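Whatever order the structure lists them in is the order used to number ligands and atoms, beginning at 1. Quantities reported herein were computed from a predicted structural model and do not represent experimental measurements.
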Amino acid sequence: MRLVLVGPPGAGKGTQAEFIAAHLSVPKISTGDIFRANVAEGTPLGMQARKYMDAGQLVPDEVTINMVRARLAEPDAAHGFLLDGFPRTVPQAEALDEMLSTMGVGLDVVLELVVDDDEVIRRLSGRRTSHGCGRIWHIEFDPPQREGICDRCGEKLFQREDDRAETVAERLRVYARDTAPLIDFYGAQGKLVGIDATGPVEDVTLRAIDALQSYGG
Ligand code: AP5
Ligand code: MG
């Protein structure tokens with residue numbers, strides 16, 4: 001299955017991507033994670049992306065599209081994938097359609113995770129991420145057993161640079177301006193399905209899997 005997850009910052013895309021990708025046996029491709037790995041390694045791509053990320057703005061389309069094109073050409077993406085955080089602009093969505101049509105395939109479905117801004121702010125202010133395995137936690141809604149330590153890999157947790165309140169507000173503005181138009185874009189293609197992404201993580205996963213069933217997932 002070829003699937004895109006869309007939704008505002010903090011909607012739970014990364015959290016759900018883990019479970020849904022495992023359920024569908026497809027690779028999870030998160031552009032935010034790829035950029036953060038490049039920032040951590042100090043690569044030229046990371047140095048270029050960092051200034052946009054720290055300001056809560058989008059990395060330019062050309063840079064992002066080239067990165068995704070290279071990732072989708074890897075063998076593990078040949079039979080399906082889950083994209084988390086891409087596309088996030090209409091030009092990115094058009095570029096994705098083009099890339100896939102060159103490969104002779106198309107997207108099956110775009111799953112929108114629906115949450116309101118107040119919930120986003122509660123989620124992002126308490127988010128912690130594992131340095132070791134990338135598992136996403138929340139200090140209140142999904143806490144690890146030992147504070148600051150990942151239950152899964154035993155490494156320390158960190159707080160993302162872009163989860164500061166001012167940056168979150170900018171990310172929400174950017175989402176409304178640049179990414180929300182994708183809802184109409186994919187709605188017009190008949191590929192959009194939205195689910196309520198509030199409530200316990202497991203309930204959201206079940207809703208997602210249920211919604212994907214009618215698309216062959
Ligand atoms: P990216 O990493 O994609 O960030 P984002 O879209 O802002 O989304 P987040 O990762 O913040 O949230 P999420 O929806 O994954 O939520 P999560 O599961 O973590 O992008 C970062 C930056 O990279 C961008 O700003 C941009 O600069 C750049 N970038 C990336 N892609 C780009 C692109 N295509 N074009 C240009 N630039 C790009 O959950 C959040 C918290 O909530 C966690 O603590 C979690 O435990 C908790 N939680 C999850 N589900 C629930 C639940 N059901 N109930 C309670 N808590 C929950
Ligand atoms: Mg994420």
Backbone or side-chain N or O of Gly85 under 3.5 Å from ligand 1 N or O: yes

Flag if over 12 foreign heavy atoms under 6.0 Å of CD, Glu74: yes

Protein residue, atom and distance nearest to atom 56 (N) of ligand 1, heavy-atom basis: Phe141 CD1, 3.4 Å

The one among Arg171, Glu202, Met53, Arg88 that brings a heavy atom closest to atom 11 (O) of ligand 1: Arg171

Thr15, any N or O under 3.5 Å of ligand 1 N or O: yes

Ligand-side contact atoms (ligand 1) for residue partner Val201, heavy atom cut-off under 4.0 Å: 50 (N), 51 (C), 52 (C), 53 (N)

Heavy atom of the protein closest to atom 12 (O) of ligand 1 (residue, atom name, distance): Gly10 N, 2.8 Å

Heavy-atom nearest neighbour in the protein, as seen from atom 35 (N) of ligand 1, with distance rounded to 0.1 Å: Gln92 NE2, 2.9 Å

Proximal candidate to atom 53 (N) of ligand 1 [heavy atom criterion; set Pro200, Gly199, Pro60]: Gly199

Identity and separation of the nearest protein heavy atom to atom 37 (N) of ligand 1: Val59 N, 3.0 Å

N/O separation below 3.5 Å, Asp84 to ligand 1: no

Heavy-atom nearest option to atom 57 (C) of ligand 1, drawn from Arg36, Gln159, Arg123: Arg123

Top protein contact for atom 27 (O) of ligand 1, by heavy-atom distance: Gln57 O, 2.6 Å

Atoms of ligand 1, numbered as shown, that sit under 4.0 Å from any heavy atom of Trp137: 43 (C), 44 (O), 46 (O)

Min heavy-atom dist Gly7 to ligand 1 below 4.0 Å: no

Protein contact to atom 9 (P) of ligand 1 [nearest heavy atom, distance to 0.1 Å]: Arg127 NH1, 3.3 Å

Heavy-atom nearest neighbour in the protein, as seen from atom 43 (C) of ligand 1, with distance rounded to 0.1 Å: Ile136 CG2, 3.5 Å

Gly14 neighbourhood, listing ligand 1 atoms whose heavy-atom distance to it stays under 4.0 Å: 13 (P), 15 (O), 18 (O)

Closest to atom 4 (O) of ligand 1 (judged by heavy-atom distance), picking from Arg160, Arg128, Arg135, Lys13: Arg160

For ligand 1, the portion of Thr64 having any non-hydrogen atom under 4.0 Å away: side chain

Polar atom proximity, Pro87 to ligand 1 (N or O, under 3.5 Å): no

